[in-house]
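Report on one structure; see the data block that follows.
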Amino acid sequence: MSLLSPFTTLLQSSEDRIRLGIKNQASLFFLLSPFTIFVLSKMSGMELMTRVEIKGLNFGISHSDTLLFMGSCFSQEIGNRFLEACFDAVVNPFGVVYNPLSLHTGLVRLLHRREYVPSDIFLCGALYHSFEHHSSFSGTDAATVLLNINNSLLSASDKLYRASCLFITFGTAWVYERKATGQVVSNCHKLPASEFTRRRVSATEAYDMWRPLLEELFAKLPDIKVVLTVSPVRHLRDGAHENNLSKSELLLLCDKLQRQFPEKVCYFPSYEILLDELRDYRFYAEDMAHPSQQAVEYVWERLSDTFFNTETRRFITEWKRLLRGLEHRPLTPDRKGYVKFLDNLAASYNELAVKYPFLDISPQLAKIEAKKQESQ
């Protein structure tokens, strides 16, 4: 009996196979999840996918840790997963930042608590911007923009000085320098391209900036760990070849920093997991550049297996179960039964909060109470 028989029996008719593009059993693998393929590999004794080995990680992460995430939109995705799982974390205090030089500038500001001044923002069209921030910080009022970016800076700086782990995700080695000042910007904010010089940063140039910064970081915060990643997002606007050259510089940068600080810096291979374990366009979003939600979830699972112990994973599973209960909508007009369901859900949240004192369940309890009011 074939290992795929349980799956192929679900697709007996030729019409079903044609509709799903399945010509034979081998092509069925393209419809299976990475985890299912991995399990089938173990059951059959065959290597059906390339499993990326994760090395050099000598510490774990639990809910007693404080975390800071900086970097690309992939950092945003993974950082948000930590927030959803109730970790004490700050994600991208400058917004999404892609290149290693701008990330260096941001971390220097956090480490020195160097606030922004009015000359650090500028007016373009109807909006005030900062060259060191994502456009999500832009606004029509200069004072408000300055207040928001400094509040984010100070909050993240406080978090950094309490952090046990700093995640940094490099997205691209291509940078844009202002011709007028030589400043490497995080965001051009749609200013004319003629105002910038575009160039690729070498691993050596970036390393020469990051090495002394990390030395200062570890001197001030001797217990902090740094996890480096390279974003698997493909910067195709730079060109396919240029994107690969860029990622190569970033991978070399991570390797040099890890070798320089082997006890403090580690590398998590999110880039390799997407390219080698998943390696299929079905794991990309419609733009064929960003990972799909299934791919992000898979990387999150690999990261969870790497950093979380059994108790942490057990809590996350229970928390997700309760969140699904919070999204439940009654399908019948039985309001009394729905209210009882909500009461039981609130009791479950309270039980979990007793077991895990770090939990703040007030938003969930407020939402349950609002649902009860709506149902009456």
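The shown structure was predicted, so the numbers you read here are calculated from the model rather than taken from an experiment. When a residue number appears, it is its place in the shown sequence, counting from 1. Just the heavy atoms: all of them, side chains too, but no hydrogens, waters or symmetry mates, feed the values below.
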Nearest non-hydrogen partners of [X] and [Y], listed with the distance:
X    : Y    : answer
N92  : S75  : OD1-OG, 3.8 Å
T229 : F268 : CG2-O, 3.5 Å
S231 : Y271 : O-CD1, 3.6 Å

Looking only at the aromatic ring of each residue, does the gap between the centers of [Y] and [X] stay below 6.0 angstrom?
X    : Y    : result
F87  : F308 : yes
H63  : Y356 : no
H134 : F94  : no

With Y98 via ring-ring contact (aromatic ring centres under 6.0 Å, His included) - residues at least two apart: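 Scan of Y98 (ring-ring contact (aromatic ring centres under 6.0 Å, His included), adjacent residues dropped) gives H235.
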Heavy atoms of other groups near K179 NZ, more than 12 under 6.0 Å: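 Count over threshold, so yes.
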K340 atom NZ, over 12 foreign heavy atoms within 6.0 Å: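 Counting neighbours around NZ of K340, 12 or fewer heavy atoms of other residues, nucleotides or ligands fall under 6.0 Å, so no.
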Run the salt-bridge test on [X] and [Y] with the 4.0 Å N-O cut-off and return the result as yes or no.
X    : Y    : result
R314 : E311 : yes
E297 : R81  : yes
E327 : R324 : no
E177 : R199 : yes
E242 : R200 : no
D158 : R162 : no
R211 : E215 : yes
E351 : K355 : no

Look only at the side chain of [X] and the backbone of [Y], and say whether a donor-acceptor pair between them is shorter than 3.5 Å.
X    : Y    : value
N80  : Q76  : yes
T105 : L101 : yes
S152 : N148 : no

Indicate whether any N or O donor in one side chain lies under 3.5 Å from an N or O acceptor in the other, for [X] and [Y].
X    : Y    : result
S164 : T66  : no
Y116 : R109 : yes
S202 : T204 : no

Chi angles and distances behind the side chain to side chain contact (heavy atoms under 4.5 Å, CB included) call for L352, L322: CA-CA 10 Å; L352 198 65; L322 294 181; 3.8 Å; yes
F261 and F218 aromatic ring geometry - parallel, tilted or perpendicular at 30°/60° bounds: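 Taking F261 first and then F218, their aromatic rings stand perpendicular (interplane angle over 60°).
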Geometric class of the Y176/F196 ring pair [parallel <30°, tilted 30-60°, perpendicular >60°]: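 Plane angle over 60°, so perpendicular.
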Approximate separation, where rounding is to 0.5 Å, of L257 CG and W210 CH2: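 One finds 8.0 Å between CG of L257 and CH2 of W210.
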Step-by-step side chain to side chain donor-acceptor pair (under 3.5 Å) determination, S246 to N243: CA-CA 5 Å; S246 166; N243 174 71; 5.5 Å; no
Residues clustering with L252 (ILVMFWY side chains joined when closer than 4.5 Å, directly or via others):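 None, because no other hydrophobic side chain comes under 4.5 Å of this residue.
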